[in-house]
Structures are given as structure tokens and as C-alpha cells.
Number of protein chains: 2
Amino acid sequence: MLWKVATFNVNGVRARLDRLLAWISEQHPHVLCLQETKCQDAVFPRQALEALGYEVLVKGEKSFNGVAVLTQETPESVVMETGDPLLDREARFLAVQVQGVWVINTYVPQGRSPDDPAFQYKLDFLNQVGRWIQERFSPQDLLIWTGDINVAPEAIDVYDPKRLEGEVGFHPEERAKLKEIMAWGLVDLLRRLHPQAKQFTFWDYRLPKSFDRNLGWRLDHMLVTEPMAHRCAECFVDTGPRGQSKPSDHTPVVAVFDMSSLS
Amino acid sequence: MLWKVATFNVNGVRARLDRLLAWISEQHPHVLCLQETKCQDAVFPRQALEALGYEVLVKGEKSFNGVAVLTQETPESVVMETGDPLLDREARFLAVQVQGVWVINTYVPQGRSPDDPAFQYKLDFLNQVGRWIQERFSPQDLLIWTGDINVAPEAIDVYDPKRLEGEVGFHPEERAKLKEIMAWGLVDLLRRLHPQAKQFTFWDYRLPKSFDRNLGWRLDHMLVTEPMAHRCAECFVDTGPRGQSKPSDHTPVVAVFDMSSLS
DNA sequence: GTTACAGGGG
DNA sequence: CCCCTGTAAC
């Protein structure tokens, strides 16, 4: 059975609903993780997504952040609150177990600037996501940590590594922290499958023509345990949505797993 | 020569530009009077309209009101300021002489409520428009007073005259004032041509499904001298724009004149 | 640039 | 309901 999981930072789910629905109708992921829904649960466009055959799990707040997980199959488990005050402080973390696989959807704090308290919050948040995973799972479990991780792991993952070195999203402390967490047993799926590909997932609105000039960052990831990596049939960035009118500044990452294959 | 004049309260020319351009491309009026452009002259989308072959005359202010006149032919005369402080106080009055015809474009104050000072301002504004016309022209001149006049002249011009009697836009003082001004020699062109037609030009956003249920008002007019009325080939409300997505709350009124016919 | 919000206005 | 003006955040 081929099983498709995707992540998409929509930058406002209400403002982007028509393009989100169109994209879902193209790709029909079994599981779709959304970030930056930017609305309270009461005004989340739940119905429109349910009409496409999804169960809709939302964790929103007013104006900022907000994550959601859409699943074609009913999850076996749902984690709305981790119990960790840092992870639960804003609407940035939502985990489900579906079809036997744990899917952890995060919207990692952007960090503002390396000298801002928000940067330490980002490092702490990453650290606590790592701890949360490592305390509950083993690297042999079927697990995907996905979402807007807001860290470009390597020089190849930003449009100008020399110029951007040290900026939020490409700061050595973030990269080290991410690497440290992944050393436990998480594979950067896109990079594993496409070792040399410049595949960005984010292009800043504020940089003129950033998408046309491909001045992007790879900030959205599929970080998976080896058993999931072995089952992966493909992993790709779909740049389609970013090229359309009034796009999100991010574009989706999609992974397809063959869940009938041997581990 | 058939000569088409139109009026359209666009409710924000920048927010409505694509639909405005589409409508112009359908109707190609020789003269188009706009109201509620809601922007300063520096940010008025002049180029897009010039690209359609129009000379663009704007009188805007920040955020509110704002009138413009687009002409295919260069006007012989332009009146940007009347010299009357009441008429010039906000961006509500713009007059041009084009193809020998005087076209006076007004966005008459809405009036807020009959007990609000804005209501007296509305009555005074109407009065001064009348005075301005009568001091400069004779009923034998070629003249059109058009725009969002914000008065429904008769019971047939509102969706529920009993319920709306006395409300702004259908208050006896406004109707009397408009009638008094028109008695000088102005013809309500749409009513002259279609004596029984319920032809609304405005449907309130705030009233649920007002357009679908046709709960409208006729507030936008073509008030013309007899020589122009004699030359009129047709006059109609184009409800098309109001039915499209993200419409203005008003829809255009169009008049076609045969300027080669005898008076 | 683009979203969200609040407040004024119709 | 929809526009505009601001502000804040990314």
C-alpha cells in the first residue's frame, strides 16, 4: 500500500483555502500536516477539508502559529498537549499515530534574530522536540517528524550559504542542534533520496522576485526513522503552489511510503 | 455618433481593479465616472486605465470618498475645484466638458442617519450641486449630472418603501431636495426610459444575500437636461458586476446617446 | 509581500 | 459584509 504524507506551511489557512483545496485535490495525501494556520479552532475551515474526505485535527490560536493534521484514516492516537510547557506554550506541536506510524507535526519558532530571546526559544523548542521523541520512541519505530522546522540543515539548503551564514534559519547553533537530535536516528528523507538537489521549500516575500530567481531556503522537512526511510518510494518538493497567484511563502514537501514492503 | 457614458461606485478602485478593467473591456464607455475610489491620487491605478485608452482625471483623498473621470476623448474643460468650500471639502465632485457635453460626477455624502450632522451636510451638498449647475448652465445645455447621488427618488427605487421610509437614502427631505433641483430641468434618464422598472444599483453588503434576494436601492443616476434626454438611445443598469465575486456594493449605470441626432 | 488584528466607515 | 488605515510578525 502506497501511503503519502505531506507538509505545507500555508501562511493563513483561511486566506489560502482555495489554493489549499486545489492542491489537496491534485495530490490527495493520506496525511497532511499544516503550519501557520493563523486562526482559532472555531474559525478553522474544517468543513471544506472534511468534504474532501479528511479527518481534521486542529490546534490553533488567534492570529499566530497554528498547526493542523488532516488524515484520510482515523488516527489511532492523538497528542494535542505534550505536557512540556515549552512545547505547549503556543500552537506549534501536534502528533498523531495513523496507520501505525507516528507523525509529529511542528511549527518550530522562527527565532527573529540570533541575539533575540526568540532564538533561544527556538533552540529550546528544537531540543524539547528531540527529548519528547527520544523519551517515547526508539529509532526502530515507524516515526516521521515533519513540518516547518525553520532550519536549513546544510549549505546546499540555502540560496547563498556565505551570505546567510549566521542568520536565523542558517545559524551554526540551530544546525548543530538539529544534527544532534537527528543523530538519535532520524534521516533527512529528501536529502537521503536526492543528495545533491537544491530543493528549496521557502522563498521570502520580502526579497523581490525571490521565487523567480530561486532565492530560497529548505526549511520544511521529512525527518524519519530508518524503518520509514527504508519504506520510502519517493520524496519531493512540489513547487507548484509557490508559483501560483497569492501563494504562501512556503511550498509543500511530499513523501510516499510503501507500507507493504519489508523493513 | 453613439456616445456611451457610465457611472460606477467601485468601493475601492485598487481592491476592485481587475473587475473594473474587465467591465470596461466589455462596455468601453466613452466617459466613465467613478466614485469611492478611496485612495490618494499618487496610488490611483492610472496606468492600467490609460492602457485601455483613457485619459484619467482623479480627485482622491486618503481612505475615503474619491472620484475620477475616465474619458476616451480629451476633455475641453475640467473642473477640479468648484470654489464652493462645501463641495470642495472632500473628494466628491469632479466635472468635465467632453465632446461638447458637461459631465458632473458626484459622490454625494451618504448622510449616516437623519439626526446626524452628516445628514444636513448631505442636504447642503445636494443643494450646492444644484446651485453650481444652475448658476453656470441653462436647461438647454448639454449636461449630465451623474454619480452616486445616494438618494432613491421614488418608492419604486427601494426594495421596501414602507420599511425604508425615512431612512438615509429614502428620506422625504432628500427626495424633496433632489426633486427641487431637478425641477430646474434635469431628467432622471433611467426612469424616463423605463417608467415602471425596478432597477436597483446598490445592494447593502450588511444585509445577508441582499443581491440574490434583490433587496436593493437605486442610488446611482443619470440626471440629464432635455437636449441630452432627446439624444438618449438607451439607459440601463448593468447588474453583471454586482453578481461576480468580491463585487462592489454598487453596480454601473450606462447611458448611450446619439450625438448626431437632431435636438 | 502577505497574513493576521483592531478600529472607522458605509 | 467589505473597504480603508494602522500595527505586528515572518
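Chain letters run A, B, ... following the sequence lines, proteins first and then strands; every chain starts at 1. Computed from a prediction, not measured in an experiment: that's the story for all the values here.
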Going by side-chain hydrogen bond (donor to acceptor under 3.5 Å, both in side chains), name the residues that satisfy it together with B/Thr146, two or more places apart in sequence or in a different chain.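 If we apply the side-chain hydrogen bond (donor to acceptor under 3.5 Å, both in side chains) test to B/Thr146, skipping adjacent residues, there are no hits.
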
Only counting residues at least two apart or in another chain, list the ones meeting side-chain hydrogen bond (donor to acceptor under 3.5 Å, both in side chains) with A/Trp217.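 side-chain hydrogen bond (donor to acceptor under 3.5 Å, both in side chains) list for A/Trp217, sorted by chain: empty.
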
Qualifying residues under ring pair (Phe, Tyr, Trp, His ring centres under 6.0 Å), relative to A/Phe125, sequence neighbours excluded: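 Partners of A/Phe125 under the ring pair (Phe, Tyr, Trp, His ring centres under 6.0 Å) test: none.
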
Value in whole Å for how far the [atom2] atom of [N] lies from [atom1] of [X]:
X: B/Glu167; N: C/dG10; atom1: CD; atom2: P; result: 15 Å
X: B/Arg206; N: C/dG10; atom1: CZ; atom2: P; result: 9 Å
X: A/Gln244; N: C/dG1; atom1: CD; atom2: C1'; result: 17 Å
X: A/Lys209; N: C/dT2; atom1: NZ; atom2: P; result: 11 Å
X: A/Gln35; N: C/dT3; atom1: CD; atom2: P; result: 17 Å
X: A/Glu90; N: C/dA4; atom1: CD; atom2: C1'; result: 14 Å
X: A/Asp212; N: C/dG1; atom1: CG; atom2: P; result: 12 Å
X: A/Gln110; N: C/dT2; atom1: CD; atom2: P; result: 18 Å

What pairs of residues pass the salt bridge (charged side-chain N to carboxylate O under 4.0 Å, His left out) test when at least one of them lies in [range], not counting sequence neighbours?
range: residues 161-173 of chain A; answer: A/Glu165-A/Arg175
range: residues 39-50 of chain B; answer: B/Arg46-B/Glu50
range: residues 235-249 of chain B; answer: none

Are any of the side-chain nitrogens in A/Glu180 or A/Lys177 under 4.0 Å away from the carboxylate oxygens of its partner?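 A salt bridge links A/Glu180 with A/Lys177.
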
More 5' along DNA chain C: A/Ala15 or A/Asp249, using each one's nearest nucleotide?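 Nearer the 5' end of the strand: A/Asp249.
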
Which is more 5' along DNA chain C, the nucleotide nearest A/Arg242 or the one nearest A/Arg14? Just name the residue.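 On the 5' side of the pair lies A/Arg242.
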
Non-neighbouring partners of A/Ser113 that pass side-chain contact (heavy atoms from CB on, under 4.5 Å), sequence neighbours left out: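 Listed in chain order: A/Asp115, A/Asp116.
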
Polar atom pairs (N or O), protein with nucleotides 6-9 of chain C, under 3.5 Å:
| from | atom 1 | to | atom 2 | distance (Å) |
| --- | --- | --- | --- | --- |
| C/dA6 | OP1 | A/Lys62 | NZ | 3.1 |

Go through the steps to decide whether B/Arg218 and B/Arg191 satisfy the test side chain to side chain contact (heavy atoms under 4.5 Å, CB included), and finish with yes or no. CA-CA 10 Å; B/Arg218 192 168 69 94; B/Arg191 186 55 66 220; 3.6 Å; yes

Reading DNA chain D from 5' to 3', where do the contacts with chain A start and stop? Cut-off is 4.0 Å to heavy atoms.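 So the outermost contacting nucleotides come out as D/dA9 to D/dC10.
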
